[in-house]
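To start, the structure under review is shown below, and the notes come after it.
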Amino acid sequence: MASSYKIAVIPGDGTGPEVVAEALKVLRAAGGKHKVKFDFTQINWGGENYKATGVVLPDDAIPMLKKFDAILLGAIGHPDVKPGILEKGLLLALRFGLDHYINLRPVQLYPGVHTPIKDKGPEDIDFVVVRENTEGLYAGAGGNLKKGTPDEVAIQTSINTRKGVERCVRYAFEYCRKRNRKKTLTLVAKTNVLTYASDLWERTFHEVGARDYPDIKREYAHVDATCMWMVKNPEWFDVIVVENMFGDIITDLGAMVQGGMGIAAGGNINPEGVSMYEPIGGSAPKYTGKGVINPLAAICAGVMMVEDLGASAMARDIEEAVKWACANKLKSLAAGKMGFSTSEVGDLIAEKVS
Ligand code: IPM
Ligand code: MN
């Protein structure tokens, strides 16, 4: 384990800077105990910077970020900026530019956290979604014909490559093996309608699984049925592998099932490169600057980051502190209902881990 990590910090828009500040507070505190030094470099990309300079992402952004060990991102999205500009120009540009081909989103209900699913508890809600993060409908293929006329045509094409599918599926099998729970990987797709794209996924899934992962049980579920099972029988899932857009949708459902956007974290991962971790909720403009937003999701993004960097003991320590705060301190995980301010929640965790 290295004793020093260079981290690029992009606080971003809205409540992003508030929650990132708490994540950094916790990482510094835990780093002190575990003799890990963090060298944080703050980068002010986002809506405000775009409004002031007209630049969403500088030309040298990708080579510059490749010099770091990891990236911690707050949130992207500004009420004064037309939807799509920052999302595509910044968030997706970083995911594509750094080839973050995995979006890893754990769905775990911690003890003491309220879930809207009646009669289900922490032992039932504990699975991980491996979302493909660089292809599908997000690849941006498409266009318009006769725009603005009654004959207008809009085409948005889902791109699925054997290479892109296979590297994602392999990551999911490896992850499932390492996780060592139910050893079950579920492919989520829509083979009954998407007879080209889902077919490629299904063939790749079974080929790779049969050849290289005979110890992992393979299951299949349609994406619509998956939404049903996530609510009715979430305990059936161990690891899910899914294409980009379906993964986007089911992980918002997952976030609600595990207690809301206040706790849901994810990693944009390039296993061979520089990965980027983020709370999966948005910039929440209506809560900005009020000190009411929950920083636990950003803190949990930090946990995923240090785990991947190799500081597992530190990751476990912070995660235990988060669980302790959920079980014993916070009244709710919702913004403004925690019984603590944003920075007080950060203080609780930081104190516990120092
Ligand atoms: C997410 C977000 C993004 C996505 C948006 C902001 C582009 O919803 O991280 O899930 O669709 O991937
Ligand atoms: Mn989303």
Side-chain angles (χ1 to χ4, degrees), residues 15 19 103-131 172 175-176 179-190 192 217 219-242 245-266 278-282 284 286-287 292-301 303-304 319-340 342 345 348-349:
T15 51
V19 296
N103 195 325
L104 190 67
R105 296 188 161 179
V107 179
Q108 187 179 359
L109 179 69
Y110 289 147
V113 172
H114 170 78
T115 176
I117 313 283
K118 196 166 165 276
D119 300 333
K120 297 289 176 188
E123 61 291 351
D124 305 304
I125 299 171
D126 185 359
F127 59 95
V128 177
V129 179
V130 176
R131 166 187 173 191
Y175 189 92
C176 187
R179 177 173 152 91
N180 201 17
R181 294 277 172 83
K182 296 193 186 115
K183 294 245 192 148
T184 303
L185 180 62
T186 304
L187 171 68
V188 168
K190 187 78 183 174
N192 53 350
K217 189 169 172 221
E219 300 263 26
Y220 173 80
H222 290 321
V223 63
D224 49 350
T226 299
C227 293
M228 180 176 83
W229 300 129
M230 276 173 67
V231 172
K232 193 170 176 288
N233 296 97
E235 69 278 8
W236 288 358
F237 295 115
D238 179 15
V239 180
I240 287 175
V241 64
V242 61
M245 178 61 90
F246 291 160
D248 176 48
I249 297 167
I250 67 169
T251 53
D252 263 29
L253 177 55
M256 288 304 117
V257 166
Q258 74 178 121
M261 289 302 181
I263 191 81
E278 54 175 339
I280 83 170
K286 72 174 177 185
Y287 296 123
V292 297
I293 196 80
N294 189 343
L296 288 180
I299 292 168
C300 290
V303 170
M304 294 181 76
E319 190 185 15
E320 285 310 314
V322 170
K323 285 187 182 169
W324 162 82
C326 288
N328 303 296
K329 293 286 176 184
L330 271 67
K331 286 208 210 89
S332 156
L333 296 194
K337 297 182 182 152
M338 301 184 290
F340 296 90
T342 304
V345 173
L348 278 174
I349 310 293

Which residues pass the side chain to side chain donor-acceptor pair (under 3.5 Å) test with Glu278, sequence neighbours left out?
Arg95, Asn268
What side-chain donor-acceptor pairs closer than 3.5 Å can you find for residues 246-256, not counting sequence neighbours?
{"from": "Asp248", "atom 1": "OD2", "to": "Tyr138", "atom 2": "OH", "distance (Å)": "3.1"}
{"from": "Thr251", "atom 1": "OG1", "to": "Arg105", "atom 2": "NH1", "distance (Å)": "2.9"}
{"from": "Thr251", "atom 1": "OG1", "to": "Gly247", "atom 2": "O", "distance (Å)": "2.7"}
{"from": "Thr251", "atom 1": "OG1", "to": "Asp248", "atom 2": "O", "distance (Å)": "3.1"}

State which residues pass side chain to side chain donor-acceptor pair (under 3.5 Å) with Gln108; sequence neighbours excluded, sorted by chain then number.
none
Under 3.5 Å, is there a donor-acceptor pair between the side chain of Asn294 and the main chain of Leu333?
yes
Pairs where residues 324-339 contributes a residue and the test side chain to side chain donor-acceptor pair (under 3.5 Å) is met, not counting sequence neighbours:
none
If you look at every heavy atom in Thr342 and Ile293, which pair is closest and at what distance?
OG1-O, 2.7 Å
All side chain to side chain donor-acceptor pair (under 3.5 Å) counterparts of Asp224, not counting sequence neighbours
Lys190
Side chain proximity check, Phe237 to Thr226, heavy atoms < 4.5 angstrom:
yes
Sequence neighbours excluded - side chain to side chain donor-acceptor pair (under 3.5 Å) pairs with any residue from residues 230-239:
Lys120-Glu235, Arg179-Asp238, Asn233-Glu235
Between Val257 and Leu109, is any pair of side-chain heavy atoms under 4.5 Å apart?
no
Walk me through whether Leu330 and Val345 qualify under side-chain contact (heavy atoms from CB on, under 4.5 Å).
CA-CA 8 Å; Leu330 271 67; Val345 173; 4.3 Å; yes
What pair of heavy atoms forms the shortest contact from Gly282 to Thr15, and how long is it?
O-OG1, 4.2 Å
Correct closest heavy-atom pair for Ala297 and Ala265 would be O-CB, 3.4 Å
Check: Val242 and Val223 side chains under 4.5 Å, non-hydrogen atoms
no
Taking every non-hydrogen atom, the tightest pair across Val113 and Gly259
CG1-CA, 3.7 Å
With heavy-atom distances below 4.5 Å as the criterion, would you say the side chains of Met230 and Phe127 are in contact?
yes
In short, Ala321 meets Ile349 closest at the heavy-atom pair O-CD1, 3.6 Å
Val19 to Pro279 - nearest heavy-atom pair and separation
CG2-CG, 4.4 Å
